[in-house]
Structure formats: structure tokens, C-alpha cells
J.: 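Please see the structure below; I have some questions.
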2 protein chains.
Amino acid sequence: MDSLQPQASRSGIDHSPGRACAPVAGSDWQALLGGPPLNGAELHALNQMVELRSLSAGAPVMQREQPALHLLAVLRGAVGLGQARHDQPFHLERTVRGPAWLDLSSAWLAQGFAQDARAQGEAQVLALPLAAMRTLLSHEALMLDRLMVGLSRTVQSLTGTAHDLMHKDAEKRLAAWLLQRAEGDTLLQLGERKRDIAAQLAITPETLSRMMRQLKLKGLIEVQGYSVSLLAPAALRQLAAD
Amino acid sequence: MDSLQPQASRSGIDHSPGRACAPVAGSDWQALLGGPPLNGAELHALNQMVELRSLSAGAPVMQREQPALHLLAVLRGAVGLGQARHDQPFHLERTVRGPAWLDLSSAWLAQGFAQDARAQGEAQVLALPLAAMRTLLSHEALMLDRLMVGLSRTVQSLTGTAHDLMHKDAEKRLAAWLLQRAEGDTLLQLGERKRDIAAQLAITPETLSRMMRQLKLKGLIEVQGYSVSLLAPAALRQLAAD
DNA sequence: CGAACCCTTGATACGCTTCAACAAGAGTGG
DNA sequence: CCACTCTTGTTGAAGCGTATCAAGGGTTCG
């Protein structure tokens, strides 16, 4: 096998506290909400209504059709969105790595969650009850903007992935994924199983393996187990472009 | 050829007024914003800030990278979102048929529009300046909900199309498209060119033609030029399901 | 050690695209 | 009016991209 890295505690859900009372750092709120620095009143209001959940690998975060009463965000770790089928394996479509919003949309609609979500390893998730959030929004004008920006970013990101699925082949999507994941850096540690990466790219693990080899043969990347280094980011960007 | 229907005035843009001063009906606002009936104050405020644009076939509605200062909606007609390439043909990805929101997200971000948009035939588009909208939102609590619902619906719709592109083949996507487009009815008039339908399904016109024949041979639909009747909606739903 | 899991590689099969040809309206101009 | 062109949809043959199936090797765990 590869030198291994992602060790997703194959046992699945274990007895987790489910909800801890640790506070959320101001810097975390800032990372999540963005915009101008949060003032004390905002932080106080947020910390008063927030619910924190510490999850272990595989723990469910959202369940389809369940009523959605909270805005959800990932603080630490990663959460996978997709479909849980009665048949065993969870089908992954997208993963959110904290700190970032996980689901800002379901709570505003009356239909419950549209997807399932599972913690990918140890993760910390926070939930803001929509009812309380609504009253906060009516007082704090800035908070509205922050939320709108979060929701808008989700829209643009989803538009992008739809576009990629329509027009880019597997190699292009992989190149784009690597670049986005590296965040400008040139060395990159894959923290998840390769089959999960493949699922997000909507290809099979076999194809992912072949595409990695392709990029390696072209001299664009170097692969050693779960660490990938981008040898020619410019060429990769070129390749990933439509 | 088929008995023809969609006649997109091949000449493209013609001299349009660009902006007319007709008012927007209360029923249109309601269709767009949903929720509890809009009161007089809300309608007044909206009508005061709204900008109405009457567009002829092919006229640009959004242009990539252009600053986005308005929330956009389609009142009448249809608008296509996609990419305009320096090379001639506009590549369609999604179409919005009025009355419905066209773009609620770009204005909140500082990066301008992420896609191009073109009127697909005669269309009427309305624009709400974000600056004015922001102050309205701080006064009218209900309006916030309506907007959030609109944005959330966009998110869920995009999540759905991404899911379909990942997991459904051409036949399934076509079946799903037909069902959604029929809106429960059994007879269905295609108002657009079939190649545009194909583009939205991310397949070639040739494949669309073949898939139509497939469904016809299976006795699920009947096709006569640009009118399609769904003979077995239940079976179609079954086919379209994952 | 064997069992379970992961990644890789190769052979084959299938879905869809691409390319080419054709039929049928629509617009144009003689 | 007809001939001509442009555009659209349809059909068939060939080819590419990716999935599927099967086998093998590596690592961890009991």
C-alpha cells in the first residue's frame, strides 16, 4: 500500500459526548463570519445562542428530511456531505473543512435537510438556532451582511462545481482540485482516503489512480503516498482551465 | 426538420429600450418573494427602488467580472446563464424562467458576476439596488426571510443539479428534466431549441435526440416536434430516481 | 498467521462524443 | 415563383473517456 495517513478509525461512531460546553474563540467566529472585526456585543450574543457539538469519526451531523432548525458550521476537522444509503457505504459528494459554514440554507426552508452529513474523523460542529439568529439579525445590520456573504459564497462554489462537472474531464478536475486544495502552497498532504477524493471528483478510485500517474508522468506533480507536491503549478493551472 | 416552434430571431440583439418605466404588479412581487402577503409599505418601498429592463432576444443581462450592484430577477420570459466566449456561440448552463430570481448572490460579494447571462427571447428583468435593499432589510424583518428563502432555494437547486451530474446518466437526467419542466402536467411544449435543452443536460444534441427516441420506444413519452406528452409519469419518475 | 482494508494495475465493456451525411423549414434574392 | 443558403434536428459509424471486473501487493489489526 501507500505510506498511510488517513486512518478513519474504521469502527465508525463511538460514544461521544455529543455536546460540550467549551466556548468558541473570537478568531473562529471571525474566520466563519468574515467582514469587519466582530464587536463585543455581537460575540456575546453569538456565544449565548451557540450550541457546540464534538463529534467522532462517522458521527451523523445532518440527516435528510429531518427538520432543520439551526445554521450549521464546521469549527475543526472535516464533515462530508452526501447520501447515506440504507446499503452500507456513505456516498460522499462534497466535504467542508473547518472553520467554514456547513449548511446555511436548509433552516430557512420548511423541508428539512436535503443531504446527509457525517464527520470525517474527529470534528467540532457548531449550531446556531435560526429563531435566535433571526432576532439578532434584526438588531445587528452587519451580521446580515456576513450571513449573506456566506450563503452567496456557497452559491458561487456550487455553480463552479456544476460547471466543472459539465465541461471538464477527470484530469482537469483533478488538477483543479489539487490547486484549490494546496491553497497556493506547493506541497500538499492528503488528509483523506483517496477514494473519498475520487468521490468528490465524481470518478472511481481506479480512474483517480490513473490520473495521478498521468500527471506524474507529465512531470506536473510528484506523489509519494499521501503527500503530493506540485512541481509545475502554472502548467497545472493551464491544464485545469476550461 | 421538426415542426418548428422556437424562433430565436437569429439576428441577436436589436435596438431595445433597455429600460422601461412600467410598474411591477403586486402579484409578480408575491411570486418572486413568496411568504405571507406583501403589505402596502413593502410594495411601495420595492417599487420605489426597482429598475425594470425590457430586453430583446440575445441581449446581455450579466457580464462576467462586471461589478454586481443589484439583485436580479426575471419577470417575464427566460434568461440563460452560462459562458459567453469570444468565439461566437453562447454556452448555456442553466436557464431561469420568470418570475424567479436570477442572481441573488453576486451583489453580496466583491468580485462581480461569476457568469454571463443572456435573454432567451423577449424578456423582462428587474434589478434591485443592493444598497437600497440593505436599508429596507433592516426595517422590514419579513423581507429578510423572503430573501433568505430565495437564496436558500438556489443553493438546494444547485446541490441537486450537481448531484444529478455526478450520479445520473443522460437518460435519467432527461427524464428528470421533463418531469420538472412539466410541473405535474402531462403535456409539455418545448419553448426553446433542443440544443439548448441538451446544453442544460450537459449532453450533445445528438445524444438528446437518441434519448428522446429511447423514451419514445419505451412508451414513456410521445414526441411530435416541439410538443412532448408524458404517457407514463410514474414510470418516468421511477426512471429518473437514483 | 489470517482477515480486513486500501491502493494500484490491466483487460474489457459501455456511454457518450465526434464526425459526416441527410432531410426539412425559413429567409433571401433573382 | 424557384433556387440558394442557413439553421435545426435526426441518424449512423467510429473513437475516446471512464466504469467495471478481476487480480495482486502493502499495511494494520486481532
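Within every chain, numbering begins at 1; the chains are lettered A, B, ... in the order of the sequence lines, protein sequences first and strands thereafter.
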J.: Counting only heavy atoms from other residues, nucleotides and ligands, does the tally under 6.0 Å from CZ of A:R153 exceed 12?
T.: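 No, not enclosed.
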J.: Distance check needed: C:dT9 C1' versus A:L208 CG, whole Å only.
T.: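 Computing the A:L208:CG to C:dT9:C1' distance gives 14 Å.
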J.: What ring-ring contact (aromatic ring centres under 6.0 Å, His included) pairs are there with at least one residue in residues 185-218 of chain B, not counting sequence neighbours?
T.: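 Those involving residues 185-218 of chain B do not exist here.
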J.: A:S105 and B:Q156: side-chain donor and acceptor closer than 3.5 Å?
T.: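 Yes, B:Q156 and A:S105 have a side-chain donor paired with an acceptor closer than 3.5 Å.
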J.: What integer distance in Å separates B:L190:CG from D:dT8:P?
T.: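 Taking atom P of D:dT8 as the reference, CG of B:L190 is at 15 Å.
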J.: Which nucleotide wins on minimum distance to the side chain of B:Y226, given the candidates C:dT9, D:dT8, C:dC6?
T.: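 Closest nucleotide among those given: D:dT8.
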J.: For the CG atom of A:L239 and the CG atom of A:L178, what is their distance to the nearest 0.5 Å?
T.: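 These two atoms lie 10.0 Å from each other.
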J.: May I have the distance from A:M212 (atom CE) to C:dC7 (atom C1'), rounded to whole angstrom?
T.: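 After rounding, the reported distance stands at 11 Å.
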J.: Between the protein and nucleotides 14-16 of chain D, which nitrogen or oxygen pairs are less than 3.5 angstrom apart?
T.:
none

J.: What is the distance, rounded to the nearest whole Å, between atom NE2 of B:H167 and atom C1' of C:dG15?
T.: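 Distance check: B:H167 NE2 to C:dG15 C1' gives 17 Å.
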J.: Give the nucleotide from the list C:dT9, D:dT18, C:dC16 with an atom nearest to the side chain of A:M211.
T.: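 Taking heavy atoms from C-beta onward, the closest nucleotide is D:dT18.
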J.: Side chains of B:D103 and B:S106: donor-acceptor distance under 3.5 Å anywhere?
T.: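 The answer is yes; a qualifying pair exists.
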J.: Tell me the interatomic distance from B:K216, atom NZ, to D:dT11, atom C1', rounded to whole angstroms.
T.: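 So the two atoms are 12 Å apart, to the nearest Å.
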J.: Whole angstroms only, please: what is the NZ-C1' distance between A:K194 and C:dC5?
T.: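 A:K194 atom NZ is separated from C:dC5 atom C1' by 15 Å.
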J.: Does A:A202 reach a base, just sugar-phosphate, or nothing at all? Heavy atoms under 4.0 Å.
T.: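 Sugar-phosphate only.
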J.: Only pairs at least two apart or in different chains count here, so list each side-chain hydrogen bond (donor to acceptor under 3.5 Å, both in side chains) that has a residue in residues 229-240 of chain A.
T.: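 Every pair satisfying side-chain hydrogen bond (donor to acceptor under 3.5 Å, both in side chains) with a residue in residues 229-240 of chain A: there are none.
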J.: Counting only heavy atoms and a strict 4.0 angstrom limit, can you tell me which residues of residues 169-181 of chain A come near DNA chain D?
T.: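 By residue number: A:D169, A:A170.
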J.: Ion pair present between B:R53 and B:E51, side-chain N to carboxylate O less than 4.0 angstrom?
T.: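 The answer is yes: the pair qualifies as a salt bridge.
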J.: Between D:dT10 and B:R213, is there an OP1 or OP2 to side-chain N/O distance shorter than 4.0 Å?
T.: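 The answer is no; no side-chain N or O of B:R213 sits under 4.0 Å from OP1 or OP2.
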J.: Below 4.0 angstrom, N of the basic side chain to O of the carboxylate: do A:E206 and A:K194 qualify?
T.: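 Salt bridge absent between A:E206 and A:K194.
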J.: So, A:T154 and A:S157: side-chain donor and acceptor under 3.5 Å apart, yes or no?
T.: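 The criterion, which ignores hydrogens and geometry beyond distance, is not satisfied for A:S157 and A:T154.
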J.: Partners of A:H91 by ring pair (Phe, Tyr, Trp, His ring centres under 6.0 Å), sequence neighbours excluded?
T.: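 A:H91 satisfies ring pair (Phe, Tyr, Trp, His ring centres under 6.0 Å) with B:H167 once adjacent residues are dropped.
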J.: Could you state the NZ-C1' distance from A:K168 to C:dT17, rounded to the nearest angstrom?
T.: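 The answer, rounded to whole Å, is 20 Å.
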J.: Salt bridge or not between A:K172 and A:D242? Use side-chain N to carboxylate O under 4.0 Å.
T.: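 Salt bridge absent between A:K172 and A:D242.
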J.: What is the separation between atom CZ on B:R193 and atom C1' on D:dC6, rounded to the nearest whole Å?
T.: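 Distance check: B:R193 CZ to D:dC6 C1' gives 13 Å.
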J.: Can you confirm whether more than 12 heavy atoms, excluding those of B:Q180, are under 6.0 Å from its CD atom?
T.: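 Atom CD in B:Q180 is not packed in, count stays at 12 or less.
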J.: So which protein N/O to nucleotides 20-23 of chain D N/O distances come out below 3.5 Å?
T.:
unit_1	atom_1	unit_2	atom_2	d
D:dT20	O4	A:R210	NH2	3.0
D:dC21	N4	A:E206	OE2	3.1

